[in-house]
Amino acid sequence: MRRTVGVLAAIPFLCVFGVLGAQKSDQQPVQDFEIEGVGLFQCQCTAFSCPCQHNGAPTHGTCFAADVAHIKSGHYGKVKLDGLNIAMVGDLVDAKSDRLFATLYLDDKASPEQRDALSKMVQYMNDQYVALPGEPAMPFRKIGPAALEFSESADRTTYGVTIPGILEEKAILKRDSAGNPASTITAMDDWSNVVHNAQNVDFRYHDPEVDKSWDESGDYANLKYFHLTKKMYDEKQMLGELGDMSGTWTPAQMEIIRKQGLREK
């Protein structure tokens, strides 16, 4: 979804408090990456209708959201990332850049080398994402490891995310008679250009260390099954790299939609 960039690579193994100054990923070499997995996004927009997905502004001005990815397989450089989770939580989309903030939670099962790789990869991705042209990078309130668990039911319909005492999420994906997701849309997203609208059952967040708390259960949710590479970002194949919050697709986004054979809405 929106932008979430901060100083990740310098100190990726410990919690970091305070607003971190942004550093562009070109200050450190970004290695090639390729990942496959499933992502869950939940926010405070109206259920089954999030304007940010289609290059618009959030329904309420702010977008208190959680963007979670479970990497089933993949690598960053020579570092394998199989089975690892990552979550970004905060006001992830906002036309008023001074209100943007995020907390980055890295899977505590990851080795220090894997956390460093996750950090560099996510920093690079989010440096490229553009909700508004010229928008400054997202400041992180906290970065650090967390007991982050991601669950997927055997029939791939029920998904859950838990950070004990901090984050609880549950979403249900409706499928049609053929077993396909019932609501599939072209969308701006960090992980994919295609997402599937889902039922937001639970979305509760409380982290006293960053003094943020909300319950947006019943609001917007989507799922996506992604296959993402650095090349896709390098070649600007992601809709999220070309946004302007106008509420309609930009010409550059329409060209991506045409080339990739995506539906306009």
Side-chain angles (χ1 to χ4, degrees), residues 1-41 65-90 92 100-131 135-148 150 161 163 188-193 210 224 226-238 240-241:
M1 265 332 288
R2 177 0 243 170
R3 211 31 323 118
T4 47
V5 188
V7 181
L8 305 182
I11 31 182
F13 315 137
L14 301 174
C15 292
V16 182
F17 300 95
V19 174
L20 301 180
Q23 291 185 357
K24 291 303 241 179
S25 60
D26 59 9
Q27 292 180 331
Q28 298 196 22
V30 178
Q31 298 186 46
D32 187 49
F33 62 80
E34 182 173 6
I35 53 174
E36 293 188 39
V38 56
L40 171 62
F41 180 85
D67 191 3
V68 181
H70 170 67
I71 300 172
K72 293 191 174 184
S73 64
H75 67 90
Y76 174 89
K78 295 182 179 180
V79 180
K80 290 189 175 182
L81 303 175
D82 299 11
L84 297 180
N85 304 310
I86 191 166
M88 295 174 283
V89 186
L92 304 185
L100 292 168
F101 70 89
T103 297
L104 180 64
Y105 301 95
L106 302 172
D107 198 325
D108 66 355
K109 297 186 295 296
S111 68
E113 185 181 31
Q114 288 173 321
R115 284 188 208 152
D116 184 52
L118 286 170
S119 296
K120 289 176 179 175
M121 181 181 69
V122 172
Q123 176 174 320
Y124 167 79
M125 290 167 53
N126 288 292
D127 274 348
Q128 313 309 310
Y129 195 108
V130 180
E135 187 175 56
M138 171 83 71
F140 280 89
R141 300 282 178 88
K142 184 179 75 170
I143 302 171
L148 178 56
F150 186 95
V161 177
I163 301 176
M188 290 175 64
D189 187 89
D190 278 326
W191 309 96
S192 176
N193 287 337
V210 293
K224 71 282 301 183
F226 61 81
H227 178 194
L228 184 66
T229 67
K230 180 175 181 290
K231 182 180 179 180
M232 292 165 66
Y233 269 96
D234 288 344
E235 297 183 352
K236 294 197 178 301
Q237 298 178 23
M238 303 297 293
E241 297 180 272

Heavy-atom nearest pair, M88 first then N126, reads SD-ND2, 3.8 Å
Just so I know, are the side chains of V161 and H70 near enough to count as touching, which here means a heavy-atom distance under 4.5 Å? no
Compare every heavy atom of Q237 with every heavy atom of N193, then report the nearest pair and how far apart it is. ND2-O, 2.9 Å
Working note: W191 + D67, criterion side-chain contact (heavy atoms from CB on, under 4.5 Å); need CA distance, chi angles, decisive distance, verdict. CA-CA 10 Å; W191 309 96; D67 191 3; 3.2 Å; yes
Does any part of the side chain of T229, heavy atoms only, come nearer than 4.5 Å to the side chain of M232, both counted from C-beta? yes
Can you name the nearest heavy-atom pair linking Q31 to Y76, along with the distance? N-OH, 3.1 Å
Looking only at heavy atoms, what is the nearest atom pair of L118 and L106, with distance? CB-CD2, 4.3 Å
Would you check if M238 and M188 make a side-chain contact, meaning some heavy-atom pair closer than 4.5 Å? no
Do the non-hydrogen side-chain atoms of D108 and R115 ever get within less than 4.5 Å of each other? yes
Y233 to E241 - nearest heavy-atom pair and separation: O-OE2, 2.9 Å
Taking the side chain as C-beta and beyond, is there a heavy-atom pair between K72 and V38 under 4.5 Å? yes
Heavy atoms of Q114 and L81 approach each other most closely as O-CD2, 4.1 Å
Is it true that D82 and K80 have a side-chain N and a carboxylate O under 4.0 angstrom from each other? no
Check the surroundings of atom NZ in K231: do more than 12 heavy atoms from other residues, nucleotides or ligands lie under 6.0 Å from it? no
